A.B. asks: 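Structure provided below as structure tokens; questions to follow.
Every value quoted in this text rests on a predicted model; they were computed, and no experiment measured them.
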Amino acid sequence: MEDMGLSFADQSLSLNSAEDAKTIVSAIEKCPCLVYLNLQGNTLGIDAAKEIGNAIAKHGSLLKRALWQDMFTGRLKSEIPIVLEHLSAGLLTANVRLSELDLSDNAFGPIGMQGLVKLLNSPVCYELQKLRLMNNGLGISGAKMLAKALIDNYHASVTAGTPFNLKVLIAGRNRLENEGIIALSQFFSLVKTMEEITIPQNGIYCKGILALSKSLLENPNLKVLDVQDNLLTVIGAEALANVLPKLKNLKHLNIADCLIKSKGALAIADALNVHESLENLDVSYNEINGESGLILTKALCDKVNLKGYNINGNRFGIETIDIITNTLKESNKDNTLGSFSGDEGECSSDEENENAEESSTDTEDGDISTSFADKTADLMKDMNVSEVNLVKNSTDNVGFEILVDQLMDIAGRYQNANDKVTLDKCFELYKAAYTNATKELKFVDLTNLLLVKHGLIKSEDKEFQLRKDVGRCLDVLKIAVENKNVIPEPSQCVLSFMLKKKFSVQ
């Protein structure tokens, strides 16, 4: 019965008027068992949607799977909420109980979410198990609307005696950023039934990953976690590592292109030592050195279910690649290994010593061991942050926000590489800001503030405007990032990554 229904997938139909919709309406009316309706790859206008919605209202009571990907090519954004409302009205009238809703590849943004909220809050979605929203351009505001709708649905379904048990959420390429994933993590913590969370390419940084990691503790049945191409860094990797031992059913873990580096890889390796059900691991393009890559590989040798292992694009070199290959071969797992075509070669001695530099160094106040996440990120409370040496002066107790403003004012006067006076003042303020932020448990907040002030990520404040001299500020930031004695390594990774991303686009 599950395979019964109608598919008009990829027919490139341009459905504008009621007349245009007749073919689909007629098919719906004649279908004896409409379990799925696939409209993927066609473009749907308001009048056509109204007719299709009416047909669903009369003949769609058995509908379980609404497969409505890529339906709005060439449509105005103002049309999209109305189209969704017409289709939703049909589902509501037919008293449908969907198990799957797929609206991927519809770039409707937050305005499109307005058309979905009523549906997601209705009994139609009380039994929804799979929600696919890949590449919808939701943004932070759309993500918050989605999270609220899902939370409201959960409470309403519990009251109705049919608790919402969503299992799959796919929401990659949606510009969720930290605020969006934090909002969705509140829903994950509430529902507790998640089996797949796929959120690649969303501009999520450490703080968002910390919130996500905490919510995963409430979802022990998770089988798939894909956070590819978000900026976890070592902080996020260690947060996930704290959670992984609790996710005993995890089969697929994708943390590719997340800048977890060697220390993050070691944390993941240690966590995976207790795993038995892992089938696929992707840690490609993470600037992992040979020693850490080998330790991670050894952690997988006893995984009887391992099917795929991608460690391409790191910093191993030919000798380490051979050792990794032979290590897996001895465990009869060499067939799981992906290509090494993107390997960046063995690290230099300076790069190999980066991990050693992450440990605490002496300051005038002695060694300081503290978390560099904010107070809500209690998963990271045992991590140490590299302190910076700062001559005691009037900046000791100044909030890092004020120090950043002072820093930007001075950096805006930077002339060239010979301007040592300006650089020295800026370096001193960078060190002061990070020392003070660390003591306030606001390390991540400072990093995010620098990203916003330099135009490397969007500000949530709609009235925020970049400085006219931000170009000079960026020049100073690049020099500070390249100087290992100015900015602590975890933040250095994030800032360096975003600087490269900005200037590679230009």
A.B. asks: Working to the nearest 0.5 Å, report the span between OG1 of T297 and CD1 of I311.
C.D. replies: 4.5 Å
A.B. asks: Go through the structure and list residues passing ring-ring contact (aromatic ring centres under 6.0 Å, His included) with Y309, not counting sequence neighbours.
C.D. replies: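 ring-ring contact (aromatic ring centres under 6.0 Å, His included) check on Y309 returns nothing, list empty.
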A.B. asks: Using distance alone, with no hydrogens and no angle criterion, decide if Q40 and D70 have a side-chain donor and acceptor under 3.5 Å apart.
C.D. replies: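 D70 and Q40 do not have a side-chain donor-acceptor pair below 3.5 Å.
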A.B. asks: Quick check: are there more than 12 heavy atoms from other residues, nucleotides or ligands sitting under 6.0 Å from NZ of K192?
C.D. replies: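 Yes.
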A.B. asks: Under a 3.5 Å distance rule, please check whether N436 uses its side chain to pair with a backbone N or O of F400 as donor and acceptor.
C.D. replies: no
A.B. asks: For C206 versus V494, what's the shortest heavy-atom pair and its separation?
C.D. replies: SG-CG2, 4.5 Å
A.B. asks: Taking atom CG of L466 as the centre, does the number of heavy atoms from other residues, nucleotides or ligands within less than 6.0 Å exceed 12?
C.D. replies: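 Correct, the count exceeds 12.
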A.B. asks: Work out which heavy atom in T43 is nearest to a heavy atom in S14; give both atom names and the distance.
C.D. replies: CG2-CA, 3.5 Å
A.B. asks: Are E195 and T193 close enough, and set up right, to give a side-chain hydrogen bond (donor to acceptor under 3.5 Å, both in side chains), and what steps lead you there?
C.D. replies: CA-CA 6 Å; E195 295 183 3; T193 55; over 6 Å; no
A.B. asks: Do V421 and K425 have side-chain heavy atoms sitting under 4.5 Å apart?
C.D. replies: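 Answer yes - side chains close enough.
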A.B. asks: By the definition side-chain contact (heavy atoms from CB on, under 4.5 Å), identify the one residue from V168, L116, L146 that meets it with L131.
C.D. replies: L146
A.B. asks: Of the non-hydrogen atoms in P110 and S141, which two are nearest, and what is the gap between them?
C.D. replies: CG-OG, 3.3 Å
A.B. asks: Apply salt bridge (charged side-chain N to carboxylate O under 4.0 Å, His left out) to D405 and K453, showing your working.
C.D. replies: CA-CA 9 Å; D405 286 337; K453 291 278 190 178; 3.0 Å; yes
A.B. asks: Measuring from atom OG of S339 to atom CG of N310, what distance do you get when rounded to the nearest 0.5 angstrom?
C.D. replies: 8.0 Å
A.B. asks: Would T447 and S491 count as a side-chain hydrogen bond (donor to acceptor under 3.5 Å, both in side chains) if you check the C-alpha gap in whole Å, the side-chain angles of each, and the deciding distance to 0.1 Å?
C.D. replies: CA-CA 6 Å; T447 304; S491 182; 3.0 Å; yes
A.B. asks: May I ask you to say whether R413 pairs ionically with D419, meaning some side-chain N is under 4.0 Å from a carboxylate O?
C.D. replies: no
A.B. asks: Mind checking whether I199 and L212 have side chains closer than 4.5 Å, heavy atoms only?
C.D. replies: yes
A.B. asks: Find out whether N280 and K251 are in side-chain contact, i.e. whether some heavy atom of one side chain is under 4.5 Å from a heavy atom of the other.
C.D. replies: no
A.B. asks: Compute whether any side-chain donor of one residue and acceptor of the other, for N254 and Q228, lie under 3.5 angstrom apart.
C.D. replies: yes
A.B. asks: Of all the heavy-atom pairs spanning L87 and M71, show the shortest one and how long it is.
C.D. replies: CD1-CE, 4.0 Å
A.B. asks: So, are R315 and E287 salt-bridged, with charged N and O less than 4.0 Å apart?
C.D. replies: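 So R315 pairs with E287 through a salt bridge.
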A.B. asks: For the backbone of L103 and the side chain of N106, can you confirm whether one donor and one acceptor N or O come within less than 3.5 Å of each other?
C.D. replies: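 Yes: the side chain of N106 pairs with the backbone of L103.
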A.B. asks: From the options N42, L39, L44, D105, select the one residue that forms a side-chain contact (heavy atoms from CB on, under 4.5 Å) with W68.
C.D. replies: L39
A.B. asks: Which atom names give the shortest non-hydrogen contact between A271 and A241, and what distance separates them?
C.D. replies: CB-O, 3.4 Å
A.B. asks: With the side chain counted from C-beta on, respond yes when I255 and L240 share a heavy-atom pair under 4.5 Å apart, and no when they do not.
C.D. replies: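 The answer is yes; the side chains approach within 4.5 Å.
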A.B. asks: Is a salt bridge present between R132 and E100, judged by a nitrogen-to-oxygen distance below 4.0 Å?
C.D. replies: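 Yes, this pair counts.
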A.B. asks: Would you name the heavy atoms of N153 and S122 that are closest together and state the gap between them?
C.D. replies: OD1-O, 4.3 Å
A.B. asks: Mind checking whether L244 and L253 have side chains closer than 4.5 Å, heavy atoms only?
C.D. replies: yes
A.B. asks: Between F72 and F108, how do the two ring planes meet: parallel, tilted or perpendicular, split at 30° and 60°?
C.D. replies: perpendicular
A.B. asks: Quick one: does any side-chain atom of Y414 pair with a main-chain N or O of N416 as donor and acceptor, under 3.5 Å?
C.D. replies: yes
